[in-house]
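Report on one structure; see the data block that follows.
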There are 2 protein chains.
Amino acid sequence: MEPTAPQRRVTIVDVARHARVSVTSVSKVLRNAYGASPEMQTKVRRAIEELGYRPHAGARGLRGQTYTIGVMLPDIRNPFFPEILDGVTDSLEETDYQVFLGPGCNGEKAEARVTEAMIDRGMDGLVLVAPVSSRAHLEHVAGAVPTVVVGRHGSSPAYDTVADDDTEGAALVVRHLVGLGHRRIAHIEHHETDPTRLAEMPNARRADGYRQAMRVHGLEEFIDVISTSYSQEGGHRAARELLGRPTATRPTAVFAGADIAAMGVLDAVAEAGLSVPGDLSVAGYDNTTFAAYGPISLTSVDQCGQEMGRNAVRLLLERIADRARPSTKVILSPRLVARRSTARSAE
Amino acid sequence: MEPTAPQRRVTIVDVARHARVSVTSVSKVLRNAYGASPEMQTKVRRAIEELGYRPHAGARGLRGQTYTIGVMLPDIRNPFFPEILDGVTDSLEETDYQVFLGPGCNGEKAEARVTEAMIDRGMDGLVLVAPVSSRAHLEHVAGAVPTVVVGRHGSSPAYDTVADDDTEGAALVVRHLVGLGHRRIAHIEHHETDPTRLAEMPNARRADGYRQAMRVHGLEEFIDVISTSYSQEGGHRAARELLGRPTATRPTAVFAGADIAAMGVLDAVAEAGLSVPGDLSVAGYDNTTFAAYGPISLTSVDQCGQEMGRNAVRLLLERIADRARPSTKVILSPRLVARRSTARSAE
DNA sequence: GTGAAAGCGCTAACAG
DNA sequence: CTGTTAGCGCTTTCAC
């Protein structure tokens, strides 16, 4: 194994020579481009097969495409994101494109590093999932390479957008809880101060949707938003605050803006020696595998991550084909999945 | 945003012109190569800064390196793998290398596609986590690019290896359960028939370690291995079989070879109206975030994923620097994390 | 220490 | 429909 010199890669020239044709013809066959007779095709394909030739993506990228799509996920640990990724990879399965993921990014700096790295590697298209970067940076990226932003609202002429209707999703939860007789329904939001993100990020939409829905149901006086973060720790902290209140102002139901925060709530409830849904109904958002897990059985909102991924790819391929086409925004409807963590209010 | 033509990228030629030096000099500065005076360095760096130049990785790769490391994870959903990834990215943070992930791969075919794609993109080094491919394929990959295999035993002169001592990990669990007074301890393994994988994959080692440890504790007659798979469904199926037995042969403790399978066990136990650890002690392997989650509190074995990732990077960079250096195998010691899912046997 | 020039593997523009 | 050739942006000889 050791002594063999790092074997020279088979190149397009080798294939051309082997097939007794020009490199152009080989290139055309590789790209399924117009202008190669059927016999030429078979000759070339045979040579490729026999030599085990594989085109070098970097070299291709120097003139044409690299056939590489980059996907940036904010947090690989959040079980919602793999759903989107599945939608992306499934849609790309039959194409010549290959997907690569940027490593988990939290924060603008890490995002910038990853997006720049993707551009530097000549990737043909980017799918950015729930990016926190400024609009300006997103538009800079989109100016360099076709880009689809997933899970963030504010649209731009520079890139396409796929998102879930978070306002509606929040309303679904409130409606469900009201239907179960709850009135004191609290909401745990991900704290946000940046004005752009306040307008564009899903967490802000969910909080807004909650407030709107409470008003619609005549429960304005019970609006109760705890501002922590979409994390287990954030949910835990929020729950402790809620459970520490006197019974009169303690909510009978909690709507956490993300399953991961709902996990923290469930943990805190157990620690307090209380039970779900007996003492408190809990709902989340994202319909993660965690929520679906039997012993947890968390009521949640399903965003159809796979569908989001599929739409992102469709838009991306369209834009790669025609960079001038007007930008598009796709909004998908969420769906409530009721489970055992929510029950009729005792009151 | 629309009308601006896809702006031409700043190239090394632009930088050279701007700094009034040769492209060779710029290239040297970029690579921190020998033979550039301090004043040259500053001149060039200033020009790079002023023009916002970023080298094109594909073009670099045509002659030198792409400064890209590829990581292949078998399943992005398994909460253990992000740990390894963290170790990898942390170690690479201060270097010029950028990490990209291959999308989740299950099966040899998908693995081959991803590894080939990484090679085609001129990646400088690969970290393959728990690959299921044949030895031959791994050595083929390692022949093309420096490679470290993580979480798989059989070593090879062609690549370096980092793994956890799975035999010892299994022994830790058995010892723990025996210490709690258990004797009828069952094990759930991931079914394996392929002879290579039987020898090299962690699941086989864990099952072996379980058998050995049972013998060591004089419990040979109680050896009880259920062969399903490392998945929630597999754990569920195994647990149903175990719980369906007459009390006399029903185990008092179950050691699942992976947390993900332990999840299935917990689910089945709950469905059967039984409780953990009252009716059954349950232990897993991997110490995932799931195991650490309060309401679950699953006893598990910690593999120090981050440490594995850090070691993988160290070995990879060493091999990139010297492709002839003898291959190395690093074995890390696992650590038992006892939690509430295991308790003293009632017997 | 610095620079000119060849060439990495491929695609695109052009001739035939 | 097929082939020849000039680059893409960089690193690497090899002169100076």
Side-chain angles (χ1 to χ4, degrees), chain A residues 6-44 47-48 51-68 96 119-124 144-145 320, chain B residues 6-44 47-48 51-68 96 116-117 119-124 144-145 320:
Chain A
Q7 69 274 25
R8 199 181 67 81
R9 231 183 124 94
V10 177
T11 75
I12 198 172
V13 180
D14 301 320
V15 175
R17 200 155 30 209
H18 189 83
R20 301 176 175 286
V21 300
S22 71
V23 289
T24 309
S25 303
V26 179
S27 177
K28 282 194 169 168
V29 174
L30 285 180
R31 291 173 290 124
N32 301 308
Y34 174 80
S37 62
E39 38 188 320
M40 172 66 82
Q41 304 243 7
T42 42
K43 256 199 296 190
V44 171
I48 289 178
L51 298 180
Y53 167 73
R54 300 187 54 90
H56 186 290
R60 302 182 91 171
L62 234 40
R63 295 308 298 263
Q65 303 185 227
T66 58
Y67 298 92
T68 309
D96 285 333
I119 295 170
D120 296 344
R121 276 146 192 84
M123 294 194 174
D124 300 327
V145 50
I320 289 174
Chain B
Q7 68 273 25
R8 200 180 65 81
R9 231 182 123 95
V10 177
T11 76
I12 198 172
V13 179
D14 300 321
V15 175
R17 199 153 33 206
H18 190 83
R20 300 176 175 286
V21 300
S22 72
V23 289
T24 309
S25 303
V26 178
S27 176
K28 283 195 168 166
V29 173
L30 284 180
R31 291 173 291 124
N32 302 309
Y34 174 81
S37 62
E39 38 188 320
M40 173 67 84
Q41 304 243 6
T42 42
K43 255 198 300 190
V44 171
I48 289 177
L51 298 180
Y53 168 73
R54 301 186 54 91
H56 186 289
R60 302 182 91 171
L62 234 40
R63 294 308 296 263
Q65 302 185 228
T66 58
Y67 299 92
T68 309
D96 284 334
E116 293 300 332
I119 295 170
D120 296 343
R121 275 147 192 85
M123 294 194 175
D124 300 326
V145 51
I320 289 174

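Convention: sequence-line order gives letters A, B, ...; per-chain numbering from 1.
- Summarising the geometry, the separation between CD on B/Q41 and P on C/dT2 is reported as 9 Å, rounded to the nearest angstrom.
- Considering only side-chain atoms of A/R63, the nucleotide from D/dG9, C/dA5, C/dT11 that sits closest is C/dT11.
- Contact check for A/D120 versus B/H56: no side-chain heavy atoms found under the 4.5 Å cut-off.
- Among the nucleotides C/dG9, D/dG3, D/dG9, the one closest to the side chain of B/H56 is D/dG9.
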Worked verdict on A/R8 versus A/D14 for side-chain contact (heavy atoms from CB on, under 4.5 Å): CA-CA 11 Å; A/R8 199 181 67 81; A/D14 301 320; 3.1 Å; yes
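- One N or O on the side chain of B/D124 and one on the backbone of B/T68 form a donor-acceptor pair closer than 3.5 Å.
- In this model, the phosphate group of C/dG3 is approached by a side-chain N or O of B/S25 to a distance below 4.0 Å at OP1 or OP2.
- With rounding to whole Å, B/R31 atom CZ is found 10 Å from D/dT13 atom P.
- As judged by a 4.0 angstrom heavy-atom cut-off over every strand, B/A33 is placed among residues making no nucleic acid contact.
- Judged by atom type and distance alone, A/R60 does not reach the base of C/dG9 through any side-chain donor-acceptor pair under 3.5 Å.
- Atom CZ of B/R121 and atom P of C/dG9 are 17 Å apart (whole Å).
- Proximity of B/R121 to A/Y67: side-chain heavy atoms (C-beta onward) are separated by under 4.5 Å at one or more points.
- Among the nucleotides C/dG9, D/dC10, C/dC10, the one closest to any side-chain atom of B/Y53 is D/dC10.
- A close approach under 4.0 Å does not occur between any side-chain nitrogen or oxygen of A/T11 and OP1 or OP2 of C/dG9.
- Rounded to whole Å, atom C1' of C/dG1 lies 11 Å from atom NZ of B/K43.
- In this structure the side chain of B/I119 reaches within 4.5 angstrom of the side chain of A/R9, judged on heavy atoms.
- As rounded to whole Å, 7 Å separates atom P of C/dT11 from atom OH of A/Y67.
- The phosphate of C/dC8 (OP1 or OP2) has no side-chain N or O of A/R8 nearer than 4.0 angstrom.
- Summarising the geometry, the separation between CG on A/D120 and C1' on D/dG9 is reported as 12 Å, rounded to the nearest angstrom.
- B/L62 has its CG atom 8 Å from the C1' atom of C/dC10, to the nearest Å.
- Each of D/dC1, D/dG3, C/dT11 was ranked by its minimum atom distance to the side chain of A/I12; first place goes to C/dT11.
- Contact of A/T24 with D/dT4 (side chain to base): a donor-acceptor pair of N or O atoms is detected under 3.5 Å.
- Following rounding to the nearest Å, A/R17 (CZ) and C/dC10 (P) show an atom-to-atom distance of 13 Å.
- Out of C/dT11, C/dT2, D/dC10, the shortest distance to the side chain of B/S37 is found at C/dT2.
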